[in-house]
Every structure is written in C-alpha cells, then in structure tokens.
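Please read all numbers here as calculations on a predicted model, not as lab measurements. Counting starts at 1 for both ligands and their atoms, in listed order.
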Amino acid sequence: MIISSSSLLVVVLWGWHYVRYDIRRMKRDRFLPPVLYSEAGKDSQDQQHKWLLAHNLYYRSLHPDSQQVFLERTRIFMYYKKFEYQGLEPDPFIPLMISSAAIQLTFGLDDFRLDYFDRIYVFRTAYRMTLRQHYFQGHVSSKGIYLSWEHFMKGYQDYNDAHNVGIHEMAHALSFGFFSDPYTMPRQLRKRFNEYVENVRPIYRKMKDGEIALLDTYAGTNFNEFWAVSAESFFEKPMMMKLAEPELYQSMCKLLNQDPLEIMYSERPVHSISTKL
Ligand SMILES: [Zn+2]
C-alpha cells in the first residue's frame with residue numbers, strides 16, 4: 001500500500017491534535033499550581049471566600065469542608081486561564097466568579113479545569129461578533145469562552161429563575177469536545193456523556209414537540225442547547241426538575257456526579273463528590 005506524503009502529514013497532524021491535549025493534561029496533573037501555597041495566595045483566599053459566600057448561593061450552601069475544596073479548585077481553574085476584558089477594567093472579583101460557575105458545574109467530576117480552553121473573554125455587556133447580527137450574552141467557540149459580565153452577574157443575583165448564563169456557557173464548554181472534537185475529552189467523561197445522550201434523547205424529543213414546559217423553549221433549538229438549558233434548571237430549580245422530569249434529573253445527577261438537592265444544605269461534607277485537585 002502506498003501512502004502519499006500529504007496523507008501521512010494529515011494523519012500525523014490529526015494524531016498530534018489529540019495527543020497535545022493529553023500532554024497538557026498530564027503536565028497539569030503532576031503539579032499543583034503555586035497559587036495554592038504562596039503567601040500572597042493565602043492573603044487573597046479569605047477575600048475570595050467572602051466574595052463567594054456573598055455572591056454564589058451554591059458555594060454558600062456547601063458544608064465548610066466542601067467549600068474549601070471548591071475554593072481550591074476555583075483558584076486552580078483561574079490560574080490556568082487567561083482572562084481578557086473588553087469594555088471593563090480587570091478586577092479580581094470577575095475571574096473568581098466566572099471560575100466558580102465552572103467549578104459548580106464540575107464539582108462532582110475529577111476533570112474540572114476544562115483544559116480545552118485557555119482563554120475567557122469578558123465583555124461589559126451583550127456583544128456582537130463579526131458578521132453576526134444579533135447580540136450575545138455568552139458563547140463558546142474553539143477560541144475560548146465568551147461572557148457578558150452584566151448578564152453573568154444577573155444569573156447569580158437572581159438564582160431561582162433557571163436563567164444563568166455562566167452555568168449555561170460552562171455547560172457548553174464542558175461538552176465542547178463531545179459535540180465537536182470528541183477525542184479531546186477525557187475518556188471517562190465521554191462515556192458519561194454518551195450515556196446521558198442515550199438516556200435523555202426521548203425527553204429532548206418531547207421538548208421539541210412542545211410537550212415539556214419545564215425548560216425554556218430555547219432548549220428545543222438543538223441537543224447542545226437542550227443540555228446547556230437543562231444545566232441551568234438543574235442548579236436553579238432542582239426540586240422542580242426532579243418532580244417534573246425525574247429521568248432528566250437523574251441523568252444530570254449521573255453525568256455530573258452530583259445531586260444539588262443533596263449537596264446544598266447538607267450538614268456533612270458530601271463524600272461522593274470528587275475532591276481531586
Ligand atoms: Zn447555548
């Protein structure tokens with residue numbers, strides 16, 4: 001069999017594309033970042049704890065032992081991301097809050113750093129992208145995670161309306177590999193997503209047919225939006241979702257390895273969740 005040099009090059013590049021994510025992941029798995037141990041880091045930790053207590057209801061409702069894991073994960077996540085600001089001044093509160101949305105979503109998973117993404121772009125308010133007519137409150141592309149800070153904060157200020165752009169975009173970021181670049185996703189997580197898709201597909205069909213009132217109609221746009229909108233309801237209206245669509249709720253619990261109704265307001269740290277740093 002003769003393989004041309006150009007097809008060989010394509011195969012090599014294709015392989016390298018996937019291998020580099022594994023290398024990046026392995027490098028990061030070997031060492032905890034110094035941010036967790038430096039004196040300056042310890043000083044800011046108290047402030048970060050106070051900010052999260054005041055502004056992230058999920059964090060506030062955790063047992064103190066779980067809060068400590070949550071905060072450490074948030075600090076690691078921030079350390080590995082570059083935040084770029086458009087129309088607003090950098091402020092340490094912004095990356096902390098945005099990172100906390102990612103950690104909330106992934107709190108039950110070993111993989112919480114969303115390694116596919118290095119950059120998070122933060123806009124003062126809703127923004128337009130080149131060649132697009134409409135305004136975005138957030139979106140995710142291979143270039144990074146994009147958020148309107150104004151809309152992000154609205155999501156956390158009104159925490160029980162099932163609208164939370166931070167959770168929504170982090171859900172897209174978590175599933176980005178699965179929907180567009182599957183082999184960049186850790187194997188375990190890919191397996192969980194496959195099971196989730198299998199389990200909830202009938203519910204998604206019902207949603208498209210207008211038979212489900214629980215979720216925002218935007219969930220009917222496509223399966224990816226169904227997943228992201230479901231994540232918003234899962235955290236902000238867990239009891240309602242559990243009662244109205246128990247199979248969807250259980251599938252979300254299984255995929256994310258956490259049950260918000262069990263984690264929030266638990267008098268003990270929930271040991272079933274991942275504590276890996
Ligand atoms: Zn979306």
Handout entry: Side-chain H-bond candidate by donor/acceptor type, E225 with H168, under 3.5 Å
Key = yes
Completion exercise
Applying side chain to side chain contact (heavy atoms under 4.5 Å, CB included) to S100 and not counting sequence neighbours gives L52, N56, F70, T74, M97
Handout entry: Selection residues 233-243 - residue pairs positive for side chain to side chain donor-acceptor pair (under 3.5 Å), sequence neighbours left out
Key = N164-E236
Exercise for the section: Taking atom types as modelled, find out whether Q86 and R124 have a side-chain donor-acceptor pair closer than 3.5 angstrom. Expected result: no
Return all side-chain donor-acceptor pairs below 3.5 angstrom for residues 198-211, not counting sequence neighbours, or 'none' if the list is empty.
from, atom 1, to, atom 2, distance (Å)
N199, ND2, E195, O, 3.3
Y204, OH, F223, N, 3.3
K208, NZ, G220, O, 3.0

Practice task
Count, excluding waters, the protein N, O or S atoms that are closer to the Zn ion (ligand 1) than 2.8 Å.
Solution key: 4
Exercise for the section: State, without any angle test, whether D259 and Y249 hold a side-chain donor-acceptor pair at a distance under 3.5 Å. Expected result: yes
